**Q** 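Let me give you the structure first, and then I'll get to my questions.
Scope of the values below: all heavy atoms of this structure, side chains included, with no hydrogens, waters or symmetry mates. As the structure is a computational prediction, the values presented were derived from the model and not from experiment. Letters A, B, ... mirror the listed sequences (proteins, then strands); counts begin at 1.
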Amino acid sequence: MYATMKVNSMMNNLQLAQLFRDIAAVYEIKGENRFRIIAYQRAADSIEHLTSEAKDYWDDGKINEIPGIGPTIASHLDELFRTGHAKHFEKTLAQVPSSIFPLLLVPGIGPKRAYSLVTELSLLKEKSVIDDLLQKAVLHKVAELPGFGEKSEEEIIKNIKTYQKGSIKEVRITLAEADEIANHLKEYLLKNKTVKRVDVLGSLRRRVATIGDIDLAIIADDTNQAIDHFCHYRNEKIIERGPTGASILLTNGRQVDMRVQDRASYGAMLQYFTGSKNHNIRLRTYALTKHKSLSEYGIKTIKGTKETIKKFATEEDFYHDLGMDWIPPELREDRGEIEAAMTHQIPNLVQKTNILGDFHIHTNYNLEPSHDLGTNSLEEILDTAEAMEYEYVGISDHNPSTGNHTEKQIIEILKKRKSYYEQHFYSWKKKNKKNIHIFIMLEIDILPNGKLAIPTKAFEYIDAAIISVHSSFQQTRGDMTNRIKSALICHPKIKILGHPTGRLLGKREGYEVDWPEIFDLCAKQNIAIEINAHPYRLDLPDALVQTAKKNKVLFAINTDSHDKESMNFMSYGVDVARRGWLTKDDIINTMQYNKLREWLMGK
DNA sequence: GCCGTTTTCGGCCCGACTGTTTTCAGTCG
């Protein structure tokens with residue numbers, strides 16, 4: 001890896017995280033103090049989850065604000081960003097053959113085994129080390145090594161082959177896809193009479209934007225039979241199986257971990273298996289100060305040499321025993337929720353039923369737009385909104401393309417569109433006798449120069465605007481920040497900043513922006529930030545939602561629907577909002593119509 | 001190497017599973 005990825009001053013967070021993991025691996029091989037190893041692993045986790053580049057922290061002189069980065073690592077990073085070199089990192093990595101690093105990506109191979117394999121079998125070519133190891137294993141050279149045997153050899157062959165098929169763990173899926181898989185599994189498991197209850201836990205229960213593995217816990221009358229039933233679900237292979245659970249690999253590359261627990265201890269299991277890892281570590285560390293040790297079986301109290309274990313049927317009781325309020329799964333990321341739970345300051349999170357409308361819907365009305373049209377008519381959208389018990393919807397088509405129209409034509413098109421929507425809305429309303437309201441809005445492109453894609457006069461024909469970036473994603477952080485800032489102050493009818501980071505999960509990273517600057521301006525201008533609920537966007541990301549809230553910004557949860565079915569994605573946006581600690585009062589589309597109209601249009 | 005709702009020193013989450021071993025090391029979540 002270090003043949004292609006050199007240590008340098010341009011490293012992004014993912015590369016830095018990888019670097020720290022590799023350093024930790026070297027320390028592990030060298031038998032370093034295990035807490036130093038853990039420190040590097042935690043630094044890696046921390047950097048990976050940052051919402052801004054570590055380099056930007058450094059630029060702002062805030063490198064020591066990154067959790068898990070103390071004086072030592074900070075000084076190495078300082079050297080790295082300043083000079084492009086970090087002698088300590090380079091020296092550490094050079095202590096082992098670089099060919100061990102690719103091997104760490106193969107499941108079941110950790111630092112120690114990678115090191116033995118590489119040195120004992122002289123596998124020194126970094127580029128081909130995985131293929132070379134496979135060859136040696138096939139020739140039964142691995143089983144001869146000390147600490148390895150025939151079974152490990154077979155396991156290595158199997159794991160390399162699975163890995164080469166398409167790095168399983170690298171690809172995460174969207175929440176929507178994971179929901180579908182999990183629901184199918186749940187239905188299957190409940191078909192077995194011995195299975196009494198199934199819960200989807202892990203990142204899926206926490207409603208994380210993308211999902212790696214799927215975690216399930218069950219209550220069953222006959223544990224063995226239940227595990228058996230689970231292992232018969234259509235799978236590629238059974239990864240492991242024990243008396244308390246099993247893991248399988250699905251044919252679509254997803255790993256599913258299932259655990260069985262008694263009713264009496266089920267609360268502890270729900271807590272343990274929901275995670276996150278960082279939440280659990282923080283919770284257990286805190287518990288230790290109270291002489292309590294937490295596990296999936298319950299809470300052990302240590303008094304001298306005497307240990308007693310207390311079981312918990314519900315998660316609420318588990319948290320209460322630790323002297324804190326129950327914590328909603330969406331908050332369990334070690335972002336301050338434990339402290340809040342101890343002082344009874346867990347916010348009353350927004351719920352799907354609080355949502356009274358959706359501002360970002362595209363219809364099939366053809367205004368010769370800059371981007372794609374919707375597929376449904378205004379009437380079909382209204383029918384759907386009505387069925388969802390909304391009070392109002394905002395129709396936000398893309399602006400007419402600037403390349404094909406003069407300013408005059410754009411004004412004409414929008415004028416025509418306004419009267420079209422008004423007429424159609426009133427006849428729909430008359431026919432259906434429903435008390436729903438519409439806002440005739442527009443999603444306007446923020447051009448690369450920070451101007452908007454419609455002339456000022458055209459604003460006369462819309463009630464309010466969403467503005468979004470749809471081009472030139474590669475601008476520098478400074479340029480992008482200025483671009484958005486100047487667009488935000490173009491016109492008083494600008495009320496929402498659409499899909500703010502532009503990310504497409506699994507396809508495109510969001511662009512770099514100085515978020516505090518944007519948030520401050522939005523708060524000042526009373527512009528809401530969109531939480532785009534489309535499962536491929538979930539943009540603004542939850543961690544930034546939490547930051548923005550601290551900057552006193554308001555939010556709009558929108559589906560960006562291009563068809564009526566997508567309007568149901570609203571719940572995914574609510575998931576993001578909850579993960580960002582939002583209450584009903586932080587979100588404009590929880591307001592009732594009159595109040596909302598006042599906010600949106602000032603009348 | 002990090003960090004503080006008992007600590008600026010002395011701690012650092014907890015357990016399952018597998019394989020190669022006869023009591024444990026490595027890996028994983």
Side-chain angles (χ1 to χ4, degrees), chain A residues 20 23-25 27-29 31-46 64 66-77 88 92 103-104 106-117 142-156 158-159 169 201-203 212-215 227 238-247 255-261 268-269 271-300 302 309 322-324 334 336 338-343:
Chain A
F20 288 168
I23 302 245
Y27 281 158
E28 214 161 330
I29 291 162
E32 258 289 352
N33 177 320
R34 52 184 276 253
F35 297 109
R36 180 181 283 176
I37 298 168
I38 291 170
Y40 270 92
Q41 285 165 343
R42 296 186 80 166
D45 280 347
S46 173
N64 53 358
I66 302 175
I69 305 286
T72 309
I73 298 183
S75 77
H76 297 319
L77 283 177
H88 174 73
T92 305
L103 284 187
L104 298 176
V106 178
I109 300 184
K112 298 263 173 94
R113 303 180 104 191
Y115 185 71
S116 319
L117 289 166
V142 170
E144 298 168 0
L145 303 178
F148 292 85
E150 277 180 28
K151 288 206 172 171
S152 333
E153 188 173 73
E154 274 171 41
E155 194 61 20
I156 285 173
K158 249 166 73 180
N159 284 338
K169 297 220 158 169
L201 304 175
S203 52
D213 301 340
I214 289 170
D215 302 306
I227 294 173
I238 294 165
I239 297 166
E240 63 185 22
R241 183 192 164 143
T244 59
S247 297
Q255 181 173 330
V256 186
D257 301 326
M258 199 263 306
R259 296 283 293 268
V260 192
Q261 183 64 283
M269 174 60 88
Q271 197 289 320
Y272 155 77
F273 220 6
T274 296
S276 66
K277 186 175 126 195
N278 289 339
H279 173 83
N280 284 358
I281 288 175
R282 172 62 70 91
L283 200 64
R284 288 169 187 185
T285 308
Y286 168 71
L288 273 184
T289 67
K290 307 280 175 212
H291 308 288
K292 292 177 174 186
S293 167
L294 313 183
S295 76
E296 59 265 50
Y297 299 104
I299 299 182
K300 240 188 309 194
I302 311 147
I309 186 156
L322 294 171
M324 59 184 76
D334 189 20
I338 292 170
E339 293 75 5
M342 288 193 281
T343 51

**Q** Taking only the P atom of each, what is the distance from dC13(B) to dT23(B) in whole angstrom?
**A**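 To the nearest whole Å, 29 Å.
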**Q** I need the single residue from Thr244(A), Ile214(A), Ile227(A) that forms a side chain to side chain contact (heavy atoms under 4.5 Å, CB included) with Met258(A). Which is it?
**A**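 So the option named by the test is Ile227(A).
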**Q** Could you check which of dG26(B), dC13(B), dG29(B) has an atom nearest any side-chain atom of Arg113(A)?
**A**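 For Arg113(A), the side-chain atoms sit closest to dG26(B).
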**Q** Taking only N and O in the side chain of Tyr297(A), is any of them less than 4.0 Å away from OP1 or OP2 of dA16(B)?
**A**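 Yes, Tyr297(A) has a side-chain N/O under 4.0 Å of OP1/OP2 on dA16(B).
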**Q** For Leu288(A) and dC3(B), give me the distance from atom CG to atom P, rounded to whole Å.
**A**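 Those two atoms, CG and P, are 18 Å apart.
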**Q** Anything under 30° is parallel, anything over 60° is perpendicular, the rest tilted; go ahead and classify His88(A) against His76(A).
**A**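 Rings of His88(A) and His76(A): parallel, under 30°.
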**Q** Hey, which sits more toward the 5' end of DNA chain B by its nearest nucleotide, Thr244(A) or Gly149(A)?
**A**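 Its nearest nucleotide being more 5', the pick is Thr244(A).
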**Q** What integer number of Å spans the P atoms of dG26(B) and dT21(B)?
**A**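 My reading of the P atoms in dG26(B) and dT21(B) gives 13 Å.
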**Q** Nearest whole angstrom, please: distance from the C1' of dG1(B) to the CG of Asp45(A).
**A**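 Interatomic distance, CG of Asp45(A) to C1' of dG1(B): 15 Å.
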**Q** Checking Asp215(A) side chain against Thr274(A) main chain: does a donor-acceptor pair fall under 3.5 Å?
**A**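 No; judged by distance alone, with no hydrogens or angles, the pair does not exist.
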**Q** Looking at Val106(A), is its backbone amide N or carbonyl O close enough to the side chain of Asn159(A) to form a donor-acceptor pair, meaning the two atoms are under 3.5 Å apart?
**A**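 No; judged by distance alone, with no hydrogens or angles, the pair does not exist.
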**Q** Reckon Phe273(A) touches a base, only the sugar-phosphate, or nothing at all at heavy-atom distances under 4.0 Å?
**A**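 The answer is nothing, as Phe273(A) stays clear of every strand by at least 4.0 Å.
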**Q** Counting only Watson-Crick pairs (N1-N3 plus N6-O4 or O6-N4) and G-U wobbles (N1-O2, O6-N3), all under 3.5 Å, who is the partner of dT8(B)?
**A**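 Pair assignment: dT8(B) / none.
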**Q** Is the phosphate of dT20(B) approached by Ser152(A) (side-chain N or O, under 4.0 Å from OP1 or OP2)?
**A**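 Answer is yes, contact under 4.0 Å.
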**Q** Taking the P atom in each of dT8(B) and dG4(B), what is the distance between them to the nearest angstrom?
**A**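 13 Å, rounded to whole Å.
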**Q** OP1 or OP2 of dG1(B) versus the side-chain N and O atoms of Arg36(A): is any pair under 4.0 Å?
**A**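 So the side chain of Arg36(A) is within the cut-off, an N or O lying under 4.0 Å from OP1 or OP2 of dG1(B).
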**Q** Which part of the nucleic acid, if any, lies within reach of Leu283(A) when heavy atoms closer than 4.0 Å are counted: base, sugar-phosphate only, or nothing?
**A**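 Result for Leu283(A) = nothing.
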**Q** Classify the nucleic acid contact of Arg34(A) as base, sugar-phosphate or nothing, counting any heavy atom under 4.0 Å across all strands shown.
**A**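 The residue Arg34(A) makes no contact with any strand.
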**Q** Measuring to OP1 and OP2 of dC14(B), would you say a side-chain N or O of Ser293(A) lies under 4.0 angstrom away?
**A**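 For dC14(B), OP1/OP2 do have a side-chain N/O of Ser293(A) under 4.0 Å.
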**Q** Specify the separation, in whole Å, of atom CD1 of Ile238(A) and atom P of dC17(B).
**A**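 For the pair Ile238(A) CD1 and dC17(B) P, the rounded distance is 14 Å.
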**Q** Take atom CD in Glu339(A); do more than 12 heavy atoms of anything else shown fall under 6.0 Å from it?
**A**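 Yes, the 6.0 Å shell around CD holds more than 12 heavy atoms from other groups.
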**Q** Which comes earlier along DNA chain B counting from the 5' end, the contact point of Tyr27(A) or that of Leu145(A), where each point is its nearest nucleotide?
**A**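 With Tyr27(A) and Leu145(A) compared, the 5'-side residue is Tyr27(A).
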**Q** Using a 4.0 Å heavy-atom cut-off, does Arg282(A) contact any base of the nucleic acid, only the sugar-phosphate backbone, or nothing at all?
**A**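 No contact.
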**Q** Can a side chain N or O of Lys300(A) be found less than 4.0 Å away from OP1 or OP2 on dG15(B)?
**A**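 Answer is yes, contact under 4.0 Å.
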**Q** Rounded to the Å, how far apart are Ile37(A) CD1 and dT27(B) P?
**A**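 These atoms are roughly 11 Å apart.
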**Q** Counting only heavy atoms from other residues, nucleotides and ligands, does the tally under 6.0 Å from CZ of Arg282(A) exceed 12?
**A**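 No.
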**Q** Starting at CD1 of Ile309(A), measure out to OG of Ser293(A) and round the result to the nearest 0.5 Å.
**A**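 These two atoms lie 8.0 Å from each other.
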**Q** What is the distance, to the nearest angstrom, from the CD atom on Gln271(A) to the C1' atom on dG15(B)?
**A**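 The distance from CD of Gln271(A) to C1' of dG15(B) comes to 14 Å, rounded to the nearest Å.
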**Q** Which part of the nucleic acid does Ile38(A) contact within heavy-atom distance under 4.0 Å: base, sugar-phosphate only, or nothing?
**A**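 It contacts nothing in the nucleic acid.
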**Q** Whole-Å distance between dC2(B) P and Ile281(A) CD1?
**A**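 From Ile281(A) CD1 to dC2(B) P: 16 Å.
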**Q** By nearest atom, which of the nucleotides dA16(B), dT6(B), dC14(B) is closest to the Arg259(A) side chain?
**A**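 Ranking dA16(B), dT6(B), dC14(B) by closest atom to the Arg259(A) side chain puts dA16(B) first.
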**Q** What's the closest nucleotide to the Gln255(A) side chain, out of dG29(B), dT27(B), dG1(B)?
**A**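 Minimum distance to the Gln255(A) side chain belongs to dG29(B).
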**Q** Using atom P of each nucleotide, how far apart are dG10(B) and dG15(B) to the nearest Å?
**A**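 Those two atoms are separated by 26 Å.
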**Q** Taking atom P in both dT22(B) and dC12(B), what distance in whole Å separates the two?
**A**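 After rounding to an integer number of Å, I get 30 Å for this pair.
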**Q** Tell me, yes or no, whether the heavy-atom count around Arg259(A) atom CZ, taken from other residues, nucleotides or ligands under 6.0 Å, exceeds 12.
**A**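 Result for CZ/Arg259(A): enclosed.
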**Q** So what does Glu154(A) hit on the nucleic acid, given a heavy-atom distance under 4.0 Å: a base, only sugar-phosphate, or nothing?
**A**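 Since no nucleic acid heavy atom lies under 4.0 Å of Glu154(A), the category is nothing.
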**Q** Take atom CG of Leu104(A) and atom P of dG26(B), then tell me their distance rounded to the nearest Å.
**A**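 For the pair Leu104(A) CG and dG26(B) P, the rounded distance is 14 Å.
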**Q** Between dC28(B) and Ser247(A), is there an OP1 or OP2 to side-chain N/O distance shorter than 4.0 Å?
**A**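 For dC28(B), neither OP1 nor OP2 has a side-chain N or O of Ser247(A) closer than 4.0 Å.
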**Q** Between dC2(B) and dT6(B), how many Å separate the two P atoms, rounded to a whole number?
**A**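 My reading of the P atoms in dC2(B) and dT6(B) gives 23 Å.
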**Q** Out of dC17(B), dC2(B), dC12(B), which has the shortest distance to the side chain of Phe35(A)?
**A**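 The answer is dC12(B), which lies nearest to the side chain.
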**Q** Just call it for Ser295(A): base, sugar-phosphate, or nothing, with non-hydrogen atoms closer than 4.0 Å on any strand.
**A**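 Sugar-phosphate, backbone atoms only, no base.
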**Q** Heavy atoms only, 4.0 Å cut-off, all strands: where does Glu296(A) land among base, sugar-phosphate and nothing?
**A**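 Sugar-phosphate contact only - Glu296(A) comes under 4.0 Å of backbone atoms but never of a base.
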**Q** Heavy atoms only, 4.0 Å cut-off, all strands: where does Ile73(A) land among base, sugar-phosphate and nothing?
**A**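 Touches sugar-phosphate only.
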**Q** In whole Å, what is the span from the NE2 atom of His291(A) to the P atom of dC13(B)?
**A**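 Atom-to-atom, His291(A) to dC13(B), this comes out as 16 Å.
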**Q** Lys151(A) has a side chain; which of dT5(B), dT6(B), dG19(B) sits nearest to it?
**A**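 The answer is dG19(B), which lies nearest to the side chain.
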**Q** Out of dG1(B), dG29(B), dT27(B), which nucleotide sits closest to the side chain of Asp213(A)?
**A**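 Output: dG29(B).
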**Q** With a cut-off of less than 4.0 Å, is there a side-chain N or O of Lys277(A) near OP1 or OP2 of dC28(B)?
**A**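 For Lys277(A), the contact criterion (side-chain N or O under 4.0 Å from OP1 or OP2 of dC28(B)) is not met.
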**Q** Using the C1' atom on both, measure dG19(B) against dG11(B) and round to a whole Å.
**A**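 About 33 Å, rounded to a whole number of Å.
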